[in-house]
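Every heavy atom of this structure was used, including side-chain atoms; hydrogens, water molecules and symmetry mates were not. Computed from a predicted structure; not experimentally measured.
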Amino acid sequence: MSEEQPGSRASRYTVLPARAFGTPIVHELEIRRSRFIGHLLRVETEEQARAFIADLRRSHHEARHACSAFLLGADRDVMRSSDDGEPAGTAGLPMLEALSLRETGGSPGTVVRDLSDVCAVVVRYFGGVKLGAGGLVRAYSDAVSATLDRARLCTRQRVVLAGVDAPHAEAGRWENELRSAGYPVQETRYGAGSATLVVALPDDGRSGAAFGARIASITSGTADVRTLGTEWVDLP
């Protein structure tokens, strides 16, 4: 079985749903009388991740540890972890591996591991029984994995915004024909002399040609397609 990993300039990757930006996903495990409370939050910057970790440390000030790990970016070029006082390598790194090695999809014969833009914090309330290094590794890894099991993941994709200028009288018809052909129009910008239909196309190097051909067919070759820019969107 081959494995697909996010490469340079990835055009899509897996994230927590948008609602997880402000509301963490929480799940608790009890292991030999210690409470391991897993928290997952969708984040976009290292500052957001560190603020989330700090907030949990304050709200769980009686806990023994608040260990953390986070991944950022389409290419996961930012990876950080902290043992927060647990023996070195027994908490933060296993948590980071639970995030980075999470299987998020794939076609037959392949495995995709591309989860990113996520911060995990596991708060531990010590129950009086020492787990040993191996026990701690399993506990922190399991806490993250079990919390992830409760998350609905989605795909984030880079899209190219294509603009098509249309006469006001034709804008409605062109939009309807584009939608019927499977090209949802994100917005229609009306100007003084014309309207611009804005369509999001996958940034895959192939969709632009097919879209151009469709526009030529709809408009009898009277309209051109221009690139307005790129952005990242969550796929429904």
_L99 side chain near L40 side chain, heavy-atom distance below 4.5 Å_ = yes
*With a 4.5 Å limit on heavy-atom distance, are the side chains of Y140 and E86 in contact?*
yes
*Calculate, to the nearest 0.5 Å, the distance between atoms CZ and CD belonging to F21 and E44 respectively.*
4.0 Å
*Considering only heavy atoms from C-beta outward, does the side chain of C154 approach that of V15 to under 4.5 Å?*
yes
*Within the side chain of R214, is there an N or O that forms a donor-acceptor pair under 3.5 Å with the backbone of A210?*
no
_Criterion side-chain contact (heavy atoms from CB on, under 4.5 Å) on I215 and W174, from CA distance to verdict_ = CA-CA 9 Å; I215 287 296; W174 291 6; over 6 Å; no
*Quick one: does D83's side chain have a donor or acceptor within less than 3.5 Å of a partner on G92's backbone?*
yes
*With the side chain counted from C-beta on, respond yes when F70 and V78 share a heavy-atom pair under 4.5 Å apart, and no when they do not.*
yes
*Are L197 and V225 linked, directly or through other ILVMFWY residues, by side chains that come within less than 4.5 angstrom of each other?*
yes
*Could you go step by step and tell me if L235 and R12 meet the side-chain contact (heavy atoms from CB on, under 4.5 Å) rule?*
CA-CA 10 Å; L235 300 182; R12 62 190 315 173; 3.3 Å; yes
*asked:* Are V121 and V26 linked, directly or through intermediate hydrophobic residues, by side-chain heavy-atom contacts shorter than 4.5 Å (ILVMFWY only)?
replied: yes
*Identify which one of L72, V118, L16 satisfies the side chain to side chain contact (heavy atoms under 4.5 Å, CB included) criterion when paired with V43.*
L72
*Can D149 and R102 be counted as an ion pair, charged N to O under 4.0 angstrom?*
yes
*D204 versus S11: any side-chain heavy-atom pair under 4.5 Å?*
no
_Q157 to W232 - nearest heavy-atom pair and separation_ = C-CE3, 3.3 Å
*Give the intermediate values and the outcome of salt bridge (Lys or Arg N to Asp or Glu O under 4.0 Å) for residues E30 and R35.*
CA-CA 5 Å; E30 182 174 329; R35 296 169 59 203; over 6 Å; no
_For a 4.5 angstrom cut-off between non-hydrogen side-chain atoms, does R19 reach R152?_
yes
*asked:* Restricting to non-hydrogen atoms, name the atom on A166 and the atom on S194 that form the minimum distance, rounded to 0.1 Å.
replied: O-CB, 3.4 Å
_Hydrophobic clustering (ILVMFWY, side-chain heavy atoms < 4.5 Å, transitive) - are V185 and L161 grouped together?_
no
*Flag yes if more than 12 heavy atoms outside R57 fall under 6.0 Å of its CZ atom; otherwise flag no.*
yes
_Return the OG1 to CZ distance between T45 and R50, rounded to the nearest 0.5 Å._
10.5 Å
*List the atom of G163, the atom of T196, and the distance in Å for their closest heavy-atom pair.*
CA-CG2, 4.1 Å
*With no hydrogens and no angle check, is any side-chain donor or acceptor of D117 less than 3.5 Å from a backbone partner on G73?*
yes
*Apply side-chain hydrogen bond (donor to acceptor under 3.5 Å, both in side chains) to D114 and T104, showing your working.*
CA-CA 7 Å; D114 64 353; T104 56; 2.6 Å; yes
*Do you know which of H60, R64, E62 makes side-chain hydrogen bond (donor to acceptor under 3.5 Å, both in side chains) with Y125?*
H60
_Rounded distance [0.5 Å steps], CE in M95 versus SG in C119_ = 7.5 Å
_Spatial distance of atom CZ (R76) from atom CG (L115) [nearest 0.5 Å]_ = 7.0 Å
*Got S68 and D84 here, is their nearest side-chain heavy-atom distance under 4.5 Å?*
no
*Is the backbone of G191 close enough, under 3.5 Å, to the side chain of H168 for a donor and an acceptor to pair up by distance?*
yes
*So which heavy atom on G22 is nearest to which on P24, and how close?*
O-CD, 3.8 Å
_R124 and S34: CA distance, side-chain angles, deciding distance, side-chain hydrogen bond (donor to acceptor under 3.5 Å, both in side chains) verdict_ = CA-CA 7 Å; R124 182 190 182 190; S34 280; 3.3 Å; yes
*Could D165 and R226 be called an ion pair, given the rule that one side-chain N must be under 4.0 Å from one carboxylate O?*
yes
*State whether the side chain of T23 and the backbone N or O of A20 hold a donor-acceptor pair below 3.5 Å, judged by distance alone.*
no
_Can you confirm whether T147 sits close enough to H39 that some side-chain heavy atom of one is under 4.5 Å from a side-chain heavy atom of the other?_
no
*Enter the distance from L71:CG to R80:CZ here, rounded to the nearest 0.5 Å.*
10.5 Å
_Audit row: V159, D203, side-chain contact (heavy atoms from CB on, under 4.5 Å) steps and yes/no_ = CA-CA 5 Å; V159 297; D203 188 11; 5.9 Å; no
*Heavy-atom pair of closest approach, residues A10 and D75*: N-OD1, 2.9 Å
*Do you know which two heavy atoms are closest between P184 and G182, and how far apart they sit?*
CD-O, 3.2 Å
_Between F52 and V122, is there shared hydrophobic-cluster membership here, with clusters defined by ILVMFWY side-chain heavy atoms closer than 4.5 Å?_
no
_Are V160 and F211 connected into the same hydrophobic cluster when the rule is that any two of I, L, V, M, F, W, Y join if their side-chain heavy atoms are below 4.5 Å apart?_
no
*Mind checking the CD1-CD spacing from I218 to E175? Nearest 0.5 Å is all I need.*
11.0 Å
